[in-house]
Student: 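Sharing a structure with you now.
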Amino acid sequence: MFTATPHILRKQRTERLAHAMFAGMALSIVVPLVCIIAFLVVKAWPSLSLAFLIEPPRNMQTEGGIWPALIGTIYLVVVALFAAAPVGVLAAVYLNEYATDNWFTRLVNLAVINLAGVPSIVHALFGLGAFVLAAGLGQSVIAASLTLAVMTLPVVIASTREALVAVPRSFREACWNVGATRWQTIRAVVLPNAISGILTGVILQVSRTAGETAPILFTGAVMYKAVEKGDLLPYRLTESCMALATHLYNLATQINGAPESLQFATATVLLGAVLLVNSTAIALRVYLRSRKKW
Amino acid sequence: MVSDEPVGETVIDVRDLRVHYGEREVIHGISFDVRRGEILGVIGPAQSGKTSMLKCLNRTLEFTPGATMRGTITVDGEDVLRVRDVFGLRRKIGMVAPLPVGLPLTIYDNVAFAPRAAGLSNRADLDDIVERCLRQAALWDEVKDRLATLGTKLSGGQQQRLTIARALSHDPEILCLDEFSIAIDPVTTMRIEDVLKELRATMTILLVTNLTQQARRLADRTMFMLNGEVVELDRTDVVFSDTPGDPRTFDYVSGIVG
Ligand SMILES: Nc1ncnc2c1ncn2[C@@H]1O[C@H](COP(=O)(O)OP(=O)(O)O)[C@@H](O)[C@H]1O
Ligand SMILES: [Mg+2]
C-alpha cells in the first residue's frame with residue numbers, strides 16, 4: 001500500500017535535489033557578506049579601537065582617528081533624512097491615495113522611475129549645478145545632503161507606497177461608505193497603520209546613502225577639517241565637512257604614508273554604521289509588525 | 001411574508017443605469033425604484049452587477065479607477081450625480097459590505113467614526129450614538145464591557161454586526177446590505193435577520209442577498225438581476241410563485257440555474 005514505486009523514488013530524489021539547489025543559492029548570498037566583513041576586520045585590526053572612532057586624524061592624516069569624518073557622515077545622513085522624508089512620504093501618499101490615472105500622475109510616476117535610474121555621478125553634477133552654484137549654497141553640508149536626498153527620493157517613495165499598500169483596501173472602503181473624505185480616511189486608518197513601515201523604510205533607504213562618494217565629493221565633502229576629539233557640533237550646515245566615504249577614498253588614493261590598516265578600519269566603520277542602522281530599523285519593523293492591529 | 005401595507009413613495013429611483021469598467025459594460029441600462037419603508041430584496045447569481053449597482057447609489061464607484069456610471073439615480077428626489085455634498089449623500093445611505101470589516105480602531109471608535117467625521121465631538125452625544133447603534137445591531141450585550149478593545153479582534157459574526165452598527169451610526173434613511181451573510185455562520189445570520197425585522201419599522205432596506213430564501217423570508221418586493229439586467233421586479237410572493245413574470249426567475253429561485 002505505502003511502498004515506494006520507482007516513480008515516487010524519482011520524485012523524492014528530484015525534490016531533494018531542488019531543495020539543495022535553492023538552499024545553496026540562498027547561502028551564496030550570505031557568503032560574500034561574511035567574507036567581506038571578515039576580510040575587513042582582519043585587515044583593520046591593528047587600527048581598530050575606541051580612540052580611532054572619537055579622535056581626529058593627526059600628522060597629515062597618516063595617524064589618529066576618524067571622528068570628523070564619522071560625525072560628518074552622520075550630519076549628512078540626518079539632514080538628508082529630514083529633507084527626503086517629508087517630500088517622499090507626501091508624494092507617496094498622493095500617488096497611492098489620491099492620484100487617479102491622468103497625465104499629471106503619469107508624469108510624476110515617469111519622473112520617479114527615471115530618477116531611480118540616474119547614475120550617482122550625474123546626481124553629483126546636478127547637485128553641484130543646482131545646490132552649490134545656482135542656489136548659492138556653496139560646498140556645504142546642506143548642499144551635499146540635498147543632493148543625497150534627491151538621489152534617495154525614488155526609493156523613499158517606493159518603500160512608503162509599499163507600506164501604504166499593506167493597509168487593506170477594505171478599510172478605506174468602509175470609511176468612504178460612511179461619508180469620510182479621503183483625508184479623514186488617511187488620517188484615521190491608513191497612516192496610523194502604515195506609519196511604522198513608512199518610518200523604518202525611510203530610515204533604511206536614506207541611511208544607505210552614507211556610503212555614497214561621488215555626490216558629496218563635489219557638493220560638500222572636503223579632504224580635511226580640524227575638529228576637536230568627540231566634538232558633537234563641529235559643522236555648520238553652510239560649511240563643508242569631512243565624510244567617511246570620501247575619507248576612505250582619500251586614504252586609498254591621495255594620502256601617502258598611512259598604514260594600510262587605517263583604510264580598512266575606516267571601511268569597517270562605514271560598513272558597521274550602515275549595518276547597525278539597517279539592523280536597528282529591521283528589528284524595529286519586526287517589533288512593530290508583531291503589534292499589528294488586524 | 002408579504003406586507004399588506006400600502007406601498008410608500010419612491011425613495012430611490014434608478015433610470016437607465018449603465019456601468020462600465022473601462023470599455024466593458026456590466027450593467028446594461030436598468031431601471032427600478034425603492035419605496036419608503038419596504039425591504040427590497042435583490043437576488044441573482046455572482047457577476048450579475050449587484051455590487052456595482054449598490055456602489056452607484058452612494059457614488060463610491062468613483063473610487064474604482066476606470067469605472068463610469070451613466071443614467072440617472074435620484075435619492076429623495078435629488079440627482080446623485082449633481083448633489084453638492086456627496087459625503088452627506090453617503091451618510092443618508094448605510095452600506096454593509098459582504099465581508100465583515102472591523103476597522104483597526106476600538107469598538108467605540110468604529111461606531112463613533114462616522115459621526116466624528118461629520119463634525120460631532122460632544123462625548124455624551126457620541127456615547128449615546130455608540131450605545132444605540134450597538135444595541136440596534138444586537139452587539140451591545142457582548143461588547144459593552146470592552147468598548148476599548150480593537151474591532152478587528154472580534155469574531156467574524158461580531159465584526160459583521162459591528163459593520164451594521166457603523167452603517168447605522170450616521171442615521172441613514174436607507175440601509176443597503178450586500179450579501180452580508182456570505183462569511184458568517186447561520187446563527188449570526190438569523191440574528192441579523194431579526195435585527196433587520198426590527199429596523200424595517202423605521203428604515204428603508206435594500207437587501208442584496210446570495211440566499212434566495214433570505215429574500216423570501218424578509219423582502220416585501222424582490223428584484224432578480226442577471227448579467228447586468230433586471231429580469232423581474234415584483235412582490236416577493238409573485239417572484240417565488242410557480243408563475244413569476246419570467247421563466248428565468250423560476251429557474252433561478254427553484255435552483256435550476258445559478
Ligand atoms: N473593479 C472592477 N474592475 C473591473 N470589473 C469589475 C470590477 N468590479 C466588478 N467588475 C465586473 O463587473 C461585473 C459585475 O460584478 P459585480 O457588480 O461585483 O456583481 P455581483 O455583485 O452581482 O457579483 C462582473 O463581470 C465583474 O467582473
Ligand atoms: Mg457582489
Side-chain angles (χ1 to χ4, degrees), chain A residues 91-110 112 161-200 285 287-294, chain B residues 22 51 54-55 57-67 85-106 109-119 133 149-154 159 162-163 165-172 175-176 178 183:
Chain A
V93 169
Y94 172 76
L95 290 173
N96 208 61
E97 305 294 324
Y98 284 94
T100 49
D101 188 25
N102 55 28
W103 67 269
F104 178 69
T105 313
R106 264 175 261 154
L107 185 76
V108 174
N109 275 321
L110 202 67
V112 171
R161 289 186 77 163
E162 206 178 299
L164 292 170
V165 167
V167 178
R169 184 177 162 91
S170 61
F171 291 166
R172 295 176 178 82
E173 285 178 351
C175 294
W176 298 334
N177 274 336
V178 297
T181 62
R182 281 188 198 259
W183 170 241
Q184 286 170 332
T185 305
I186 292 168
R187 222 195 52 185
V189 172
V190 180
L191 280 185
N193 293 290
I195 196 75
S196 59
I198 292 175
L199 285 182
T200 48
R285 176 174 289 188
Y287 168 70
L288 291 167
R289 264 201 201 141
S290 70
R291 304 192 332 164
K292 213 165 119 157
K293 291 193 186 147
W294 68 85
Chain B
T51 301
L54 288 181
K55 286 186 173 174
L57 302 183
N58 71 352
R59 270 181 54 184
T60 49
L61 191 73
E62 340 189 302
F63 292 108
T64 307
D85 176 15
V86 68
F87 307 108
L89 169 73
R90 290 187 187 135
R91 283 194 293 273
K92 205 180 253 191
I93 301 173
M95 192 66 76
V96 176
L99 299 181
V101 182
L103 292 172
L105 306 169
T106 66
D109 289 344
N110 260 277
V111 185
F113 176 75
R116 279 184 182 137
C133 296
T149 56
L150 284 173
T152 42
K153 301 287 187 221
L154 295 174
Q159 284 193 43
L162 182 62
T163 309
R166 199 170 53 228
L168 295 171
S169 68
H170 42 88
D171 229 348
L175 182 64
C176 299
D178 189 1

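Lettering follows sequence order; numbering is per chain, from 1.
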Student: Is the OH atom of A:Tyr287 crowded by more than 12 outside heavy atoms at less than 6.0 Å?
Tutor: no
Student: Within a radius of less than 6.0 Å around CZ of A:Phe104, do more than 12 heavy atoms belonging to other residues, nucleotides or ligands occur?
Tutor: no
Student: With a 4.5 angstrom heavy-atom cut-off, which part of A:Thr100 approaches chain B: side chain, backbone, both or neither?
Tutor: neither
Student: Measure the spacing between SG of A:Cys175 and CZ of B:Arg166 and express it to the nearest 0.5 Å.
Tutor: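 If I round to the nearest 0.5 Å, the distance is 7.0 Å.
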Student: Side chain, backbone, both or neither: which part of A:Asp101 has an atom under 4.5 Å from a heavy atom of chain B?
Tutor: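 No part of it gets close to chain B.
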Student: So what's closer than 4.5 Å to chain A heavy atoms on B:Lys92: side chain, backbone, both or neither?
Tutor: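 B:Lys92 has no heavy atom closer than 4.5 Å to chain A.
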Student: Show the nearest heavy-atom pair for residues A:Phe171 and B:Leu103, with the distance to one decimal.
Tutor: O-CD2, 3.6 Å
Student: Could you measure the distance from the CG atom of A:Asn177 to the NE2 atom of B:His170? Nearest 0.5 Å is fine.
Tutor: 7.5 Å
Student: If we define contacts as heavy-atom pairs under 4.5 Å, which of A:Gly179, A:Ala188, A:Pro168, A:Ser170 has the most with chain B?
Tutor: A:Gly179
Student: If I measure from the heavy atoms of chain A, does B:Ile93 come under 4.5 Å with its side chain, its backbone, both, or neither?
Tutor: backbone
Student: Among A:Arg182, A:Glu173, A:Arg172, which residue satisfies the side chain to side chain contact (heavy atoms under 4.5 Å, CB included) criterion with B:Phe63?
Tutor: A:Arg182
Student: Heavy atoms only, distances under 4.5 angstrom: which of B:Ala117, B:Ala167, B:Pro104, B:Ala118 has the most pairs with chain A? Name it, please.
Tutor: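 Most heavy-atom pairs within the cutoff with chain A belong to B:Pro104.
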Student: Tell me which of these, B:Val86, B:Thr60, B:Val96, has more heavy-atom pairs under 4.5 Å with chain A than the rest.
Tutor: B:Thr60
Student: Nearest 0.5 Å, please: how far is CH2 in A:Trp176 from CD in B:Glu62?
Tutor: 10.5 Å
Student: Can you tell which part of B:Thr64 gets under 4.5 Å to a heavy atom of chain A, answering side chain, backbone, both or neither?
Tutor: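 Answer is both: backbone and side chain atoms of B:Thr64 are under 4.5 Å from chain A.
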